[in-house]
Amino acid sequence: MNTNFTHHQSAHCENGVASNLLKFNGIDISEPMVFGIGSGLFFFYLPLLKVNQAPAISYRPMPGFIFNKAAKRLGITVKRIKFSSPEKAQIALENNLKNNIPTGLQVGVYNLTYFPDEYRFHFNAHNLVVYGKTDNTFLISDPVMENVTTLTEAELEKVRFAKGTLSPKGQMYYPTHLPSEINWESAIKKGIKNTCSDMLAPVPIVGVAAMRYLAKSIRKWPKSKGVKVANHYLAQMIRMQEEIGTGGGGFRFIYAAFLQEAAIILKNDKLKELSFEMTQIGDLWRDFALNASRVCKNRSNVEDVYNTLADQLLHLANLEEKFFKELKKAI
Amino acid sequence: MKKEEIPQDESNLSKSNVKELCYATDENGNYTTGLSTGWEAKTIALESSINTINERIEEAKENIKSGKASPIVYFMELHRMDWPTLADYVGLWQWRVKRHVKPSVFKKLNNKILQKYADAFQISVDELINYKGA
């Protein structure tokens, strides 16, 4: 069984799967477009919730949100099914392949054999596409990989039924209805408006307010947690911002790419200007990550380095507050 | 980020010949994509996380050697699990899993429960109960 599916590498798994599945179904949509329309840009900081023994920091919304929002705004229906039985999960997947439907899966990363060991953590919200099967081997398009790959039946079952936080429960998804005509303008505007209100939300754990909250915490970490723990927290933060998937700068560059595409579709030059501005902000996020990594490495005891990082983050929060207010006005 | 500035540092990715996609601008300021072999900042962050895990593994070994903990903690750290993840894999409440870390409780576990742990760690029951922290 083999569907006529084309693999394109992407920065982030969820946008990549969405873009690849939609391209297969005849909708030419780029990764940044999925990301922008699905309001993928986000910032979240909840110190009470711990992930890998560090406070939860996220540069993206909950898994599944981006594709669901993008699909809804484009008028596409996506079917999602979870399973309690691995056998039934495999049969359903094989039936899809027989019907020429490449299918998206939510999987756990820890048992993905083709990932380098260092990247295998218990992270359960990775996405990939199964586009065919030969003998007992599934043909896999993992959007963050350069080329297609394979997993055996047993290997695929393991990652589909990984346990822990956000366990996938065999979840598979695929578009079932596509509109005859897509209203790109309205979808883009909805996506942008949603992102602006997320980033400017009047709650301390979301958007620019959360960046300020995090900056405040960074100042306190060396004293309240000790340098070692503080540096572990910083390392986790850098990984959330720059690790495989963000396209660099905590998704800011993907978002700038989206704004550039949107400027052409909406015939709005202001968006092009704002895209340049977002690129500059993304560069500052990169500097921030680089500085934070140096703090991790030197294990410096000077309290000032943490204050310098916090100041940098505050500066970013101020820039983004201004940015999203302008973006809101521009559409 | 400009396309020619996409970092090509050595990393854990480049060792496995994996490259990741980055978004960057070309000479006219238009967005395009390029591949990166790795970036210093990320390598440092990842190494720091791996070091933390290794320290935890060593600590677990010590605790088993000195009879303060059961082998469960070692295999849990080895597989980069935390309490909720392990509890979900063995299908038990977290408080029960934490109790099984006490050597006196671990000794009395029946085979059925031990098998659950062995399955979660992808080893045999013998390997699990005979682990002495070496």
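Note on naming: letters A, B, ... go to the chains in the order of the sequence lines (proteins, then strands), and numbering restarts at 1 for each one. Side chains are part of it too, since the values below use all heavy atoms of this structure and drop only hydrogens, waters and symmetry mates.
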With only heavy atoms counted, which part of [X] is less than 4.5 Å from chain B, the side chain, the backbone, both or neither?
X      : answer
A:Y110 : side chain
A:N111 : side chain
A:K50  : neither

Quick one: closest heavy-atom pair of [X] and [Y], and the distance?
X      : Y      : result
A:G245 : B:E20  : N-OE1, 4.2 Å
B:R80  : A:R120 : NH1-O, 2.8 Å
B:L21  : A:E31  : CD2-OE1, 4.2 Å
A:K163 : B:T85  : O-CG2, 4.0 Å
B:M1   : A:D283 : N-OD1, 2.7 Å

Point-to-point distance, once rounded to the nearest 0.5 Å, from CD of B:Q122 to NZ of A:K158: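 Answer rounded to 0.5 Å: 4.0 Å.
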Can you check whether [X] reaches [Y] side chain to side chain, under 4.5 Å on heavy atoms?
X      : Y      : answer
A:N231 : B:S48  : no
A:I254 : B:Y31  : no
B:D82  : A:H122 : no

Can you check side chain to side chain contact (heavy atoms under 4.5 Å, CB included) on B:T33 and A:Q9, steps first, answer last? CA-CA 10 Å; B:T33 59; A:Q9 190 183 11; over 6 Å; no
Pairing of B:E55 and A:K228 as salt bridge, 4.0 angstrom limit: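 A:K228 and B:E55: salt-bridged.
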